[in-house]
Participant: 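Please read through the structure below; I'll follow up with questions.
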Amino acid sequence: EIGKIADNLELDVYIVGGFVRDLILGVENFDFDIVVEGNGIKFARELAEELEGEVIEEHQEFGTACVATRLGLKLDVASCRVEYYQSPGALPEVEASDLKQDLFRRDFTLNALAIKLNSERFGKLIDFFGGKEDLEAGLIRILHNFSFIDDPTRIFRALRFVNRYDFELGQITRELMEHAIDQKVVEGVSLGRLSNELELILKEETAAEILSDLEEFDLLKFFHPQLSWTAKQSKLASEIPWAERWVEELEIEEELAVWQLYLLLLVNPLSVAEAKSLLTELKISNDIIAKVEFIKESDKEKLELLREFNVQPSEVYNSLKSLSLEELVYLVIVSENTEVKDWIEFYLLELRRIELQVTGKDIIELGYEPGPCFEKALQAVKTKKLNGELETYEAER
Ligand code: ATP
């Protein structure tokens, strides 16, 4: 369908970037980056109309647009960059060099592949820089020597792809990367972009390995001078995939934000104040900052309680009730202790679901004068219920 629209408008249209890379690798990818040789916005509008979708974003100055289809798919459409050294020669060459310019601006050879979408030659792979060969050899290679200087975030992207696909850096790419790191090019990256890269890293399945690489290449200092990723953090992080499966098996309603567990481990070497100021600077949401603060200040005390021999369920409930799922899972991971895990499991599945059938309001409606003893009495009943000391307790469960 896209091909036909392109034919009608007499434009050459390609799908590029991650989609093509993952198609060749046999990995699922629903990022549709479409590049048009010509007016991309015009093409996007036409595409939206044909597909009965709509253009949800348009940037005239960049020649880009985003189309949402009726089925909920999103297609990013961009125009190729203007041709600088256009040769007045044969048309196909000019066409190709237009796309070539666009692809040459990209990060790595494996991301600089395109597939033609026009009906004529639909599906043809366009590979100017040996990207397919690098994909097959498992190599991450930049396209030119200034790549990391032009855009230092490519250093982080390289390490993400290396770990995600279990690839290696090309030799020259590695040398240029080390050189760029020595030159402290990362210092020139805005906090916003740095924060974005960190979040992308933490959201990778191989986050722990990438963090080890950041340590090895001495990149963590650009986030904070005291930040590190030690063997201890790495070992605790290796428990995260297991914890993820454990939470899944509990079949509770909340989703575990796994990347936050990596973040909590990463800021572990910092003091509460340092961690707070770093995350505030990186504009990591307040909600997570609160988690960091809470965990760093109270995890020891909570773990001690959970390890105590004679602890009552009501004490466990009171100590855990304000914690989010991520904080609870974090406690399980750092405790390395099965009793703690059992308590938290019991809390998630049972204790936090126990409710009183009576409220203060019910009692007032019966005509009793409200007073502080209400709260106390209700609290006492709840404690008994949590501890399984009320007869109704078993029956209700
Ligand atoms: P992911 O699977 O992580 O989404 P992706 O390659 O699809 O990877 P995007 O960030 O969506 O990543 O980028 C889309 C394409 O844009 C890339 O394939 C690459 O060609 C290009 N690109 C992205 N970031 C850069 C960059 N910093 N420098 C050059 N090209 C980039």
Side-chain angles (χ1 to χ4, degrees), residues 13-37 40 57 59 62-67 73-81 98-117 125-132 134-135 138-167 169-170 173 176-177 180-181 185-186 188-207 209-210 213 219 222 258-259 262:
V13 176
Y14 308 86
I15 186 155
V16 298
F19 178 86
V20 181
R21 173 195 71 216
D22 287 343
L23 184 73
I24 295 175
L25 288 174
V27 175
E28 211 169 68
N29 187 321
F30 297 107
D31 263 356
F32 302 107
D33 286 319
I34 292 168
V35 161
V36 179
E37 277 187 311
E57 252 182 73
H59 299 282
F62 300 121
T64 60
C66 179
V67 175
L73 285 182
K74 279 191 189 155
L75 311 168
D76 285 311
V77 181
S79 321
C80 277
R81 223 186 208 173
D98 236 0
L99 176 72
K100 193 170 174 180
Q101 278 290 316
D102 184 284
L103 295 173
F104 189 62
R105 289 188 289 121
R106 292 172 186 265
D107 49 2
F108 310 114
T109 59
L110 83 175
N111 282 337
L113 291 161
I115 290 178
K116 190 151 190 175
L117 297 176
L125 180 72
I126 295 160
D127 179 7
F128 293 113
F129 313 107
K132 182 150 185 274
D134 286 345
L135 267 179
L139 284 177
I140 305 290
R141 284 199 307 127
I142 44 174
L143 295 166
H144 58 85
N145 290 357
F146 294 106
S147 193
F148 290 125
I149 313 270
D150 285 348
D151 181 356
T153 64
R154 291 174 185 159
I155 296 171
F156 300 105
R157 290 178 61 85
L159 296 176
R160 262 197 306 126
F161 293 127
V162 159
N163 285 288
R164 186 197 294 172
Y165 300 117
D166 200 9
F167 279 9
L169 293 170
T173 297
L176 289 169
M177 187 169 122
I181 296 169
V185 291
V186 180
V189 178
S190 73
L191 272 173
R193 293 190 78 200
L194 219 48
S195 170
N196 186 39
E197 290 305 321
L198 182 63
E199 199 166 323
L200 289 172
I201 288 170
L202 299 174
K203 285 183 175 165
E204 289 281 335
E205 247 173 67
T206 53
E209 285 87 348
I210 306 173
D213 279 352
L219 284 160
F222 296 110
V258 181
W259 73 277
Y262 288 107

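Whatever order the structure lists ligands and atoms in, that order sets their numbers, starting from 1. Hydrogens, waters and symmetry mates are skipped; everything else that's a heavy atom, side chains included, is used.
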Participant: Quick one: CG on D33 to SG on C66, what's the gap to the nearest 0.5 Å?
Facilitator: 9.5 Å
Participant: Over 60° means perpendicular and under 30° means parallel, so tell me whether F161 and F108 are parallel, tilted or perpendicular.
Facilitator: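 F161 vs F108 ring planes: perpendicular.
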Participant: Just jot down the side-chain hydrogen bond (donor to acceptor under 3.5 Å, both in side chains) partners of R21, sequence neighbours excluded, or say none.
Facilitator: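 N111, Y165.
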Participant: Can you list, by chain and residue number, every protein residue with a non-hydrogen atom closer than 4.0 Å to ligand 1?
Facilitator: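 Contacting ligand 1 under 4.0 Å are G17, G18, R21, D31, D33, R105, R106, D107, N111, D151, T153, R154, R157, R160, F161, R164.
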Participant: Look up atom CD1 in I155 and atom CD1 in I142, then write down how far apart they are to the nearest 0.5 Å.
Facilitator: 9.5 Å
Participant: Atom CG in L23, atom CD1 in I115: separation rounded to 0.5 Å?
Facilitator: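 The CD1 atom of I115 is 5.0 Å from CG of L23, to the nearest 0.5 Å.
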Participant: Going by the side chain to side chain donor-acceptor pair (under 3.5 Å) test, name the single residue among R154, R157, R141 that passes it with D107.
Facilitator: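 Exactly one pass, corresponding to R157.
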